[in-house]
Amino acid sequence: MPGSHPARRIVFHVDMDCFFAAVEERQNPSLKGKPVIVGSDPKGGVGRGIVATCNYAARKFGVRSALPISMAFQRCPNGVYLRPRFPLYSQVSGRVMKLLHAAADVFEPAGVDEAYLDMSSCGTFETALARATELQAAVRREEGLSCSIGVGPNKLVAKIASDHRKPGGITAVIDRRVQEFLDPKPAGAMRGVGPKTRERLAELGIETVAALRGASKVLLAREFGRFGDSLWNQARGIDERPVDPSRETKSIGREITFDADTDDVAEVRETLKECVKEVREDMLDNEHWARTLTVKVRFEGYETHSRQTTLRLATGSLAVLDSAAQSLARPFFEEGRKFRLIGFSVGKLSPPEELLPLEDNV
Ligand code: TTP
Ligand code: MG
């Protein structure tokens with residue numbers, strides 16, 4: 001045994017398959033086999049808003065996350081269209097995360113349906129693969145849900161691997177095969193590459209990770225500044241970020257698009273209240289209090305604004321959240337314009353402060 005080597009890192013990325021749609025299928029088995037689309041009401045093709053997610057049967061019709069719901073309806077008129085039930089998904093997510101947490105050496109939640117697990121104590125990729133298979137079966141057995149798992153020497157590779165064979169896949173990429181695995185992937189698979197960077201890379205003739213690896217450090221730095229360094233490393237499968245147990249959910253938010261643009265202040269206020277209520281339920285389910293509160297509006301014509309406040313102390317009180325949200329929104333009402341959307345989100349999350357409930361101290 002080469003005792004002087006640092007212990008090899010083994011990281012899992014677990015990502016639930018078509019999460020919201022899978023939860024809906026689980027709640028209502030008669031949906032099995034049908035295309036299920038979770039999102040705004042399509043209203044026979046004239047509805048506004050977007051698809052949150054859909055199951056794999058619906059993806060066959062070309063429906064996917066973030067597609068306008070009207071277009072989804074054109075592509076899949078016989079699908080089952082459901083409104084999202086965020087509090088339910090949040091509850092299920094909490095239970096899945098607990099199960100994953102228990103299996104990991106170090107655990108980092110990365111979103112409502114994904115997490116990183118440091119599994120270095122497995123020692124070998126063989127053991128890790130067996131552990132991943134057990135974990136996937138446990139999620140199926142305990143929660144009746146399907147997930148995909150990527151196993152790799154770091155978070156970057158694990159994340160790309162979990163997406164490699166969806167749904168229900170397990171992909172393990174051993175250190176010496178990392179480059180061969182990454183090379184054919186699109187450059188957009190690298191962390192931090194959004195539509196703009198992807199476009200610029202394409203203009204430079206860089207469409208794949210292999211091509212990205214062919215670009216010099218100087219070129220990448222010139223084009224992308226400090227992010228160029230990260231791209232250079234990522235293209236080589238280098239990612240030293242530890243699985244970080246302190247990484248909290250960064251924010252919780254809800255937004256609602258009106259059926260038709262509206263200047264009915266009472267309706268907008270009521271909708272904001274609804275958003276606040278759902279955000280608070282999500283906060284409680286996941287044991288968060290919050291310090292920053294944000295109200296976002298979109299006026300007719302798509303112009304979007306937000307206003308934010310930071311409280312001195314974190315709160316979980318519905319009354320506090322409600323009144324803060326309404327005062328944040330007030331200036332928007334004074335503009336006399338029509339609203340297309342209103343939303344509420346909270347950030348700077350912390351565990352509830354049970355001994356010091358804010359409302360009893362003011
Ligand atoms: P994803 O993991 O990106 O998608 P997914 O789980 O639905 O499908 P996949 O099998 O490809 O992983 O997102 C997790 C959940 O987050 C998803 O079920 C719904 C929600 N979501 C949105 O509401 N809007 C979006 O644009 C995306 C991408 C996801
Ligand atoms: Mg998913």
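These numbers come from the heavy atoms of this one structure, side chains and all, not from hydrogens, waters or symmetry mates. Remember, it's 1-based here, ligands and their atoms both numbered in the order they're listed.
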Above 12 or not: heavy atoms from other molecules or residues under 6.0 Å from [atom1] of [X]?
X	atom1	answer
K348	NZ	no
K166	NZ	yes
Q27	CD	yes
R95	CZ	yes

Contact between E114 and H13 at the side-chain level, heavy atoms closer than 4.5 Å - yes or no?
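They are in contact (side-chain heavy atoms under 4.5 Å apart), so the answer is yes.
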Between T262 and K338, is any pair of side-chain heavy atoms under 4.5 Å apart?
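Counting from C-beta outward, T262 and K338 never come under 4.5 Å.
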Restricting to under 2.8 Å, identify the protein N, O or S atoms around the Mg ion (ligand 2) as residue plus atom.
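Metal shell, protein only: D15 OD1, M16 O, D113 OD2.
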Quick one: is the NZ or CZ of R59 closer than 6.0 Å to the six-membered ring centre of Y56, and within 45° of its axis?
yes
Extract all N/O-N/O pairs under 3.5 Å that connect ligand 1 to the protein, and present each with both atom names and the distance rounded to 0.1 Å.
{"unit_1": "ligand 1", "atom_1": "2 (O)", "unit_2": "D15", "atom_2": "OD1", "d": "3.2"}
{"unit_1": "ligand 1", "atom_1": "2 (O)", "unit_2": "D113", "atom_2": "OD1", "d": "3.3"}
{"unit_1": "ligand 1", "atom_1": "2 (O)", "unit_2": "D113", "atom_2": "OD2", "d": "3.0"}
{"unit_1": "ligand 1", "atom_1": "6 (O)", "unit_2": "M16", "atom_2": "O", "d": "3.1"}
{"unit_1": "ligand 1", "atom_1": "6 (O)", "unit_2": "C18", "atom_2": "N", "d": "3.4"}
{"unit_1": "ligand 1", "atom_1": "6 (O)", "unit_2": "F19", "atom_2": "N", "d": "3.0"}
{"unit_1": "ligand 1", "atom_1": "6 (O)", "unit_2": "D113", "atom_2": "OD2", "d": "2.9"}
{"unit_1": "ligand 1", "atom_1": "7 (O)", "unit_2": "F19", "atom_2": "N", "d": "3.3"}
{"unit_1": "ligand 1", "atom_1": "7 (O)", "unit_2": "T53", "atom_2": "OG1", "d": "2.5"}
{"unit_1": "ligand 1", "atom_1": "8 (O)", "unit_2": "C18", "atom_2": "N", "d": "3.2"}
{"unit_1": "ligand 1", "atom_1": "8 (O)", "unit_2": "R59", "atom_2": "NH2", "d": "2.8"}
{"unit_1": "ligand 1", "atom_1": "10 (O)", "unit_2": "C18", "atom_2": "N", "d": "2.7"}
{"unit_1": "ligand 1", "atom_1": "10 (O)", "unit_2": "Y56", "atom_2": "OH", "d": "2.7"}
{"unit_1": "ligand 1", "atom_1": "10 (O)", "unit_2": "K166", "atom_2": "NZ", "d": "3.3"}
{"unit_1": "ligand 1", "atom_1": "11 (O)", "unit_2": "R59", "atom_2": "NH1", "d": "3.0"}
{"unit_1": "ligand 1", "atom_1": "12 (O)", "unit_2": "D15", "atom_2": "OD1", "d": "3.0"}
{"unit_1": "ligand 1", "atom_1": "12 (O)", "unit_2": "M16", "atom_2": "O", "d": "3.2"}
{"unit_1": "ligand 1", "atom_1": "12 (O)", "unit_2": "K166", "atom_2": "NZ", "d": "3.0"}
{"unit_1": "ligand 1", "atom_1": "18 (O)", "unit_2": "F19", "atom_2": "N", "d": "3.3"}
{"unit_1": "ligand 1", "atom_1": "18 (O)", "unit_2": "F20", "atom_2": "N", "d": "3.0"}
{"unit_1": "ligand 1", "atom_1": "24 (N)", "unit_2": "A52", "atom_2": "O", "d": "3.4"}

Begin with the C-alpha distance, continue with both residues' side-chain angles, and end with the deciding distance and a verdict on side chain to side chain contact (heavy atoms under 4.5 Å, CB included) for R254 and F86.
CA-CA 9 Å; R254 284 300 169 266; F86 295 107; 3.0 Å; yes
First locate atom CD of Q234, then atom CG of L156, and finally report the distance between them rounded to the nearest 0.5 Å.
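Rounded to the nearest 0.5 Å, the CD-CG separation comes out at 5.0 Å.
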